[in-house]
There are 2 protein chains.
Amino acid sequence: MNGSTNIEAKYQAYQQQHNLRSSKRRDFIFKHILTISGHFTIDQIYQHIAKIDPDIGIATVYRAIKLFVDANILIEHRFGDKKGFYEINQENFQEHGHLICRQCGKIVEYPIPEIKEIQQKKEREFNFKIDSFKVEFFGICRECLEKQKK
Amino acid sequence: MNGSTNIEAKYQAYQQQHNLRSSKRRDFIFKHILTISGHFTIDQIYQHIAKIDPDIGIATVYRAIKLFVDANILIEHRFGDKKGFYEINQENFQEHGHLICRQCGKIVEYPIPEIKEIQQKKEREFNFKIDSFKVEFFGICRECLEKQKK
DNA sequence: ATTCGTGCAAATGCTTTGCACCCAC
DNA sequence: GTGGGTGCAAAGCATTTGCACGAAT
């Protein structure tokens with residue numbers, strides 16, 4: 001089973017559980033987010049879709065993305081900004097965290113395989129059913145450190 | 001050296017570096033946040049301070065808290081909400097992460113001593129100067145799981 | 001027919017900012 | 001006196017929502 005069928009199954013299951021009607025716009029947004037690697041914002045999605053389907057409203061994008069977050073298809077991040085960042089919660093993607101530079105805002109991804117073990121430990125310990133995680137480090141990146149020296 | 005002198009030193013250093021003047025209000029907010037364990041919101045601080053100093057404006061609280069975040073005295077969290085949550089970034093506090101129930105919104109803290117090692121590894125690997133981190137797990141808590149069964 | 005999905009614009013809620021005034025240096 | 005600190009109200013910005021209409025069942 002590859003990643004996208006896995007996610008599609010999740011979407012279909014969610015649609016059934018919530019008695020959703022089929023919607024071309026929502027399906028189109030869904031297909032589009034599958035093609036994105038890394039993070040994106042609502043506005044990026046909206047800009048892209050609006051080129052192909054100019055009548056779409058940004059509210060529809062908000063509603064769709066919110067639904068995908070609820071369905072645990074997407075993970076929402078707020079890296080200190082007020083704006084939301086989203087990324088696919090694909091189980092067979094590499095587990096990763098984020099390094100955020102608080103000076104230039106750059107976001108670097110890094111693999112963090114250690115997290116699975118910690119997650120399982122916490123699940124047992126707190127009797128929580130965990131379905132996503134975030135590991136974020138904040139600091140100053142090399143480039144900004146060098147700029148400071150000058 | 002205990003935790004609060006550590007933080008006070010951080011505050012003083014920041015004040016000097018940024019040529020801040022002394023401010024009774026900012027200092028009072030500073031002292032107040034030191035007494036709080038766990039997370040708080042801007043509004044909670046404002047409500048508390050306004051009882052003692054009714055003339056204070058909420059903008060002052062925002063400005064002070066933002067400054068403390070910039071000084072790395074506070075860590076800002078956004079647990080999916082639009083509202084910001086804050087907590088002290090006290091180095092000799094126990095390193096901890098958060099478990100967030102996406103159903104009832106409950107936030108549980110847990111120790112995560114493993115993180116220091118990971119942090120150091122990433123610092124070396126990416127040449128980042130890391131000064132704070134977040135580890136968050138999202139899922140459904142025991143109580144909500146039990147409610148679902150019924 | 002009924003109810004969900006959508007566009008639009010208004011509303012919301014947190015946060016920031018411009019301005020006039022006050023206060024520390 | 002100069003420039004930071006503050007209260008107030010207005011503005012900003014991302015996000016949500018009420019409403020009327022169109023589309024799916």
Side-chain angles (χ1 to χ4, degrees), chain A residues 11-12 14-33 39-71 74-86 102 105, chain B residues 11-12 14-33 39-71 74-86 102 105:
Chain A
Y11 183 29
Q12 280 168 24
Y14 188 88
Q15 285 178 310
Q16 285 175 13
Q17 283 164 23
H18 293 257
N19 289 314
L20 302 187
R21 295 184 183 173
S22 92
S23 147
K24 279 176 191 167
R25 301 225 146 109
R26 199 200 302 122
D27 288 353
F28 191 72
I29 295 168
F30 177 74
K31 272 182 210 146
H32 178 54
I33 61 169
H39 321 96
F40 56 87
T41 62
I42 299 273
D43 200 56
Q44 282 168 15
I45 302 296
Y46 175 67
Q47 296 300 336
H48 179 92
I49 309 254
K51 279 181 198 157
I52 299 149
D53 178 4
D55 288 338
I56 198 170
I58 198 160
T60 300
V61 180
Y62 271 101
R63 285 189 267 238
I65 299 295
K66 194 175 186 181
L67 188 150
F68 297 150
V69 171
D70 189 58
L74 290 179
I75 304 199
E76 187 183 73
H77 294 274
R78 307 251 160 189
F79 299 120
D81 245 315
K82 59 176 90 176
K83 211 178 342 188
F85 286 77
Y86 300 86
R102 57 170 90 249
Chain B
Y11 183 28
Q12 280 169 23
Y14 187 89
Q15 285 180 309
Q16 285 174 13
Q17 282 164 25
H18 293 257
N19 290 314
L20 302 186
R21 294 186 182 173
S22 90
S23 148
K24 279 177 191 165
R25 299 224 148 109
R26 198 199 304 124
D27 288 353
F28 191 72
I29 295 169
F30 177 75
K31 271 183 211 146
H32 178 53
I33 62 170
H39 321 95
F40 55 87
T41 62
I42 300 273
D43 200 56
Q44 282 168 14
I45 303 296
Y46 175 66
Q47 296 300 335
H48 179 92
I49 308 253
K51 278 180 197 155
I52 300 149
D53 179 3
D55 288 337
I56 197 169
I58 197 162
T60 299
V61 181
Y62 272 101
R63 286 188 267 237
I65 299 294
K66 194 176 184 180
L67 188 150
F68 297 150
V69 171
D70 189 56
L74 291 179
I75 304 199
E76 186 182 72
H77 294 275
R78 307 248 161 189
F79 299 119
D81 246 315
K82 60 175 90 176
K83 211 177 342 189
F85 286 78
Y86 300 85
R102 55 171 92 252

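To find a chain, count down the sequence lines: A is the first, B the second, and so on, and within it residues start at 1.
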Q | Nearest-Å distance for atom pair CZ/P, residues B/Arg26 and C/dA24 | A | 12 Å

Q: Work out which heavy atom in B/His39 is nearest to a heavy atom in B/Phe85; give both atom names and the distance.
A: CB-CD2, 4.1 Å

Q: Please step through ring pair (Phe, Tyr, Trp, His ring centres under 6.0 Å) for the pair B/Phe68 and B/Tyr11, ending with a clear verdict.
A: CA-CA 8 Å; B/Phe68 297 150; B/Tyr11 183 28; 5.5 Å; yes

Q | Results of ring pair (Phe, Tyr, Trp, His ring centres under 6.0 Å) for A/Phe28 - residues two or more places apart only | A | none

Q) Could you give the NE2-to-C1' distance, from B/His77 to C/dC14, as a whole number of Å? A) 18 Å

Q) Which letters describe nucleotides 20-25 of chain D, given B = protein heavy atom under 4.0 Å from base, S = only from sugar-phosphate, - = neither? A) ---BBS

Q) Between atom CD1 in B/Ile29 and atom P in D/dG5, what is the gap in whole Å? A) 12 Å

Q.
At under 4.0 Å between heavy atoms, how does the protein contact nucleotides 10-15 of chain D? Give one character per nucleotide, 5' to 3', with B, S or -.
A. ---SSB

Q. DNA chain D: B/Asn19 or B/Pro54, which has the more 5' nearest nucleotide?
A. B/Asn19

(Q) Rounded at 0.5 Å granularity, tell me how far CG in A/Leu74 sits from CG in A/Leu67. (A) 10.0 Å

Q.
Can a donor-acceptor pair be found, under 3.5 Å and without considering hydrogens, that links the side chain of B/Arg26 to the backbone of B/Phe30?
A. no

Q) Once you round it to whole Å, what is the distance between P of C/dG5 and CG of A/Asp27? A) 11 Å

Q. Does B/Asp55 reach the side chain of B/Arg25, with side-chain heavy atoms less than 4.5 Å apart?
A. yes

Q.
Without decimals, in angstroms, what is the distance between B/Ile65 CD1 and C/dT16 C1'?
A. 15 Å

Q | Spacing between A/Asp55 atom CG and C/dC8 atom P, to the nearest angstrom | A | 7 Å

Q: Give one of base, sugar-phosphate or nothing for A/Arg63, where a contact means two heavy atoms less than 4.0 Å apart.
A: base

Q.
Without decimals, in angstroms, what is the distance between B/Tyr46 OH and C/dG13 C1'?
A. 16 Å

Q | From A/Ile65 atom CD1 to A/Ile42 atom CD1, the distance as rounded to the nearest 0.5 Å | A | 5.0 Å

Q. Should the pair A/His32 and A/His48 be assigned to parallel (<30°), tilted (30 to 60°) or perpendicular (>60°) ring geometry?
A. parallel

Q) Aromatic ring centroids of A/Tyr62 and A/Tyr46 under 6.0 Å? A) no

Q. How many Å lie between CG on A/Leu67 and P on C/dG5, as a whole number?
A. 8 Å

